[in-house]
2 protein chains.
Amino acid sequence: MKPDQRSAFDRRSWPPEEAEEALRAYGCRVTQPRIAVLQALLELGGTVDAATLTERAQRLVPGIHEATVYRTVNTLTEVGIASHVHAGHGPSLVRLGGERQLVAVCDSCGKIEDVPTEPIEALVESMETTTGFRLQPGHFALEGMCARCAQQS
Amino acid sequence: MKPDQRSAFDRRSWPPEEAEEALRAYGCRVTQPRIAVLQALLELGGTVDAATLTERAQRLVPGIHEATVYRTVNTLTEVGIASHVHAGHGPSLVRLGGERQLVAVCDSCGKIEDVPTEPIEALVESMETTTGFRLQPGHFALEGMCARCAQQS
DNA sequence: CTTAATGCAAACACTTTGCACTCCC
DNA sequence: GGGAGTGCAAAGTGTTTGCATTAAG
């Protein structure tokens with residue numbers, strides 16, 4: 001699988017037809033399991049872990065195997081249809097669209113939230129100028145306590 | 001093991017005697033393996049993964065087992081002598097001192113850098129006021145490309 | 001001498017991989 | 001029909017746990 005051209009990486013909406021087109025343009029085959037994973041991602045509509053995604057995809061294509069979901073997610077990521085986020089301890093997360101989105105995971109209850117990206121821009125710039133480190137903000141999850149859990153403590 | 005009182009959580013320097021004192025104050029025994037892990041952390045002097053730490057500790061106490069290192073790290077964290085950081089894909093990291101320190105991991109070469117904490121404060125406040133999410137900045141690693149790798153690409 | 005802490009091995013959670021079979025193009 | 005993609009099982013990481021034994025206090 002070789003890169004073809006950068007797909008519109010920051011789209012959140014990937015109508016199945018366009019996603020399939022993107023796969024083909026990348027030289028990939030459009031298979032039942034891949035369609036199922038795409039559809040599952042659309043239905044779930046957010047940032048999810050592999051287990052959740054597998055469960056959902058299996059409703060659509062019963063036989064689909066966990067390993068296939070992992071492989072599919074990697075493929076979709078390469079093609080630029082999806083991206084994955086490393087969340088602290090737990091499993092990593094997947095979502096439709098690119099890496100511009102920011103995710104926050106609650107250490108206490110595990111809740112996954114999409115959060116606005118603007119506030120981190122200053123940090124990105126600051127780190128780039130002071131240390132030369134080029135932060136990829138969408139590639140890792142922010143951790144802490146969600147509003148609800150923070151209130152309880 | 002019950003909390004006694006909050007140890008000076010943000011110290012980086014933990015002379016062995018003081019660390020042992022802190023352990024005792026917490027109701028923990030001061031054992032050879034624990035001394036070895038503490039000493040190894042001191043010698044390594046930064047933010048390290050369990051494998052590195054184990055290897056180093058084994059030089060001091062040859063028989064020391066990996067599982068013991070994990071348990072010791074957890075104990076030291078509870079006591080407030082050490083803290084751990086979740087780094088994206090790889091293993092989690094440990095260091096002497098508290099969670100106020102920020103760590104950046106290069107996705108490309110794996111380099112672990114301590115970075116200044118001030119720039120993230122604005123993000124913490126911004127997230128707290130806009131979404132209620134209380135970020136714990138020292139608890140996860142920032143990811144991206146280190147200066148060297150960023151230059152090469 | 002009491003019981004926390006260790007060593008060991010086994011289990012654990014998450015992810016990847018080798019291989020034979022399938023089914024997309 | 002040829003090869004990318006799949007299912008399956010097995011291995012690979014990183015970390016935790018149960019249990020008999022050791023050693024700190």
Side-chain angles (χ1 to χ4, degrees), chain A residues 1-2 4 19-21 23-38 48-55 57-58 60-79 81-82 84-94 105 110 112 141, chain B residues 1-2 4 19-21 23-38 40 48-55 57-58 60-79 81-82 84-94 105 110 112 140-141:
Chain A
M1 184 174 309
K2 293 126 205 157
D4 184 343
E20 291 174 21
E21 210 177 307
L23 278 171
R24 286 213 175 82
Y26 209 86
C28 294
R29 293 182 180 173
V30 176
T31 64
Q32 291 276 15
R34 283 178 178 168
I35 294 170
V37 170
L38 274 167
V48 296
D49 59 87
T52 308
L53 181 55
T54 302
E55 193 200 355
Q58 282 172 341
L60 303 164
V61 173
I64 192 171
H65 196 273
E66 211 183 1
T68 301
V69 173
Y70 277 106
R71 281 190 278 229
T72 302
V73 164
N74 289 337
T75 303
L76 296 179
T77 300
E78 271 189 73
V79 176
I81 295 171
H84 65 278
V85 190
H86 301 129
H89 22 274
S92 30
L93 308 172
V94 209
V105 178
I112 302 165
Chain B
M1 184 176 306
K2 292 127 206 156
D4 185 343
E20 292 173 21
E21 208 178 310
L23 277 172
R24 287 213 174 81
Y26 210 86
C28 295
R29 292 182 182 174
V30 176
T31 64
Q32 291 274 16
R34 284 178 178 168
I35 294 170
V37 169
L38 273 167
V48 297
D49 58 87
T52 308
L53 181 55
T54 302
E55 192 200 358
Q58 281 172 341
L60 304 164
V61 173
I64 192 172
H65 196 273
E66 211 185 0
T68 302
V69 173
Y70 277 106
R71 280 190 279 229
T72 302
V73 164
N74 288 338
T75 304
L76 295 180
T77 300
E78 271 189 75
V79 175
I81 295 170
H84 66 278
V85 190
H86 300 128
H89 21 275
S92 29
L93 309 172
V94 210
V105 178
I112 302 166
F140 57 93

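Throughout, protein chains are lettered first and strands after them, A, B, ... in sequence-line order, and every chain is numbered starting at 1. Only heavy atoms go into these numbers, but all of them, side chains included; no hydrogens, no water, no symmetry mates.
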Test side-chain contact (heavy atoms from CB on, under 4.5 Å) on Cys28(B) and Arg34(B) and set out the steps. CA-CA 10 Å; Cys28(B) 295; Arg34(B) 284 178 178 168; 3.6 Å; yes
Item to complete: Before giving the answer on side-chain contact (heavy atoms from CB on, under 4.5 Å), spell out for Leu93(B) and Val105(B) the whole-Å C-alpha distance, their side-chain angles and the decisive distance to 0.1 Å.
Response: CA-CA 10 Å; Leu93(B) 309 172; Val105(B) 178; 4.2 Å; yes
Review point. So Thr68(A) and Val37(A), side-chain contact (heavy atoms from CB on, under 4.5 Å) or not? Walk me through it.
Key: CA-CA 9 Å; Thr68(A) 301; Val37(A) 170; over 6 Å; no
### Query
Are Thr31(B) and Thr72(B) close enough, and set up right, to give a side-chain contact (heavy atoms from CB on, under 4.5 Å), and what steps lead you there?
CA-CA 10 Å; Thr31(B) 64; Thr72(B) 302; over 6 Å; no
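Look at NE2 on His86(A): it is 21 Å from P on dA13(C), rounded to the nearest Å. Rounded to whole angstrom, the span from the CD atom of Gln58(B) across to the P atom of dT6(C) amounts to 14 Å. Distance, Leu23(A) CG to dC24(C) C1': 13 Å, rounded to whole Å. Distance His65(B) NE2 to dT16(D) P: 14 Å, rounded to the nearest Å. Note: CD1 (Ile35(B)) to C1' (dT6(C)) measures 14 Å, nearest angstrom. Atom CG of Leu38(B) and atom P of dA5(C) are 14 Å apart (whole Å). When rounded to the nearest whole Å, the span between CD of Glu66(A) and C1' of dT17(C) equals 14 Å. For the pair His89(A) NE2 and dT16(D) C1', the interatomic distance rounds to 15 Å; values are reported in whole Å.
Among Asp49(A), Leu76(A), Asn74(A), Thr77(A), the one residue that satisfies the side chain to side chain contact (heavy atoms under 4.5 Å, CB included) test with His84(A) is Thr77(A).
Between Ile112(A) atom CD1 and Thr52(A) atom OG1 the span is 7.0 Å, to the nearest 0.5 Å.
Which of dG7(D), dT6(C), dC14(C) sits closest to the side chain of Ile64(A) comes down to dG7(D). Nearest to the side-chain atoms of Thr72(B) among the listed nucleotides dT6(C), dT16(D), dG14(D) stands dT6(C).
The two residues Val85(B) and Phe140(B) make their nearest non-hydrogen contact at CG1-C, 3.5 Å.
When each of Thr68(A) and Leu93(B) is assigned the nucleotide of DNA chain D bearing its nearest heavy atom, the one mapping closer to the 5' terminus is Thr68(A).
Between Tyr70(B) and dT16(D) there is no side-chain N or O to OP1 or OP2 distance below 4.0 Å.
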Scoring nucleotides 18-24 of chain D by protein non-hydrogen atoms under 4.0 Å (B base, S sugar-phosphate only, - none) yields B----BB
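Using a 4.0 Å heavy-atom distance criterion, Gly63(A) is classed as a sugar-phosphate-only contact.
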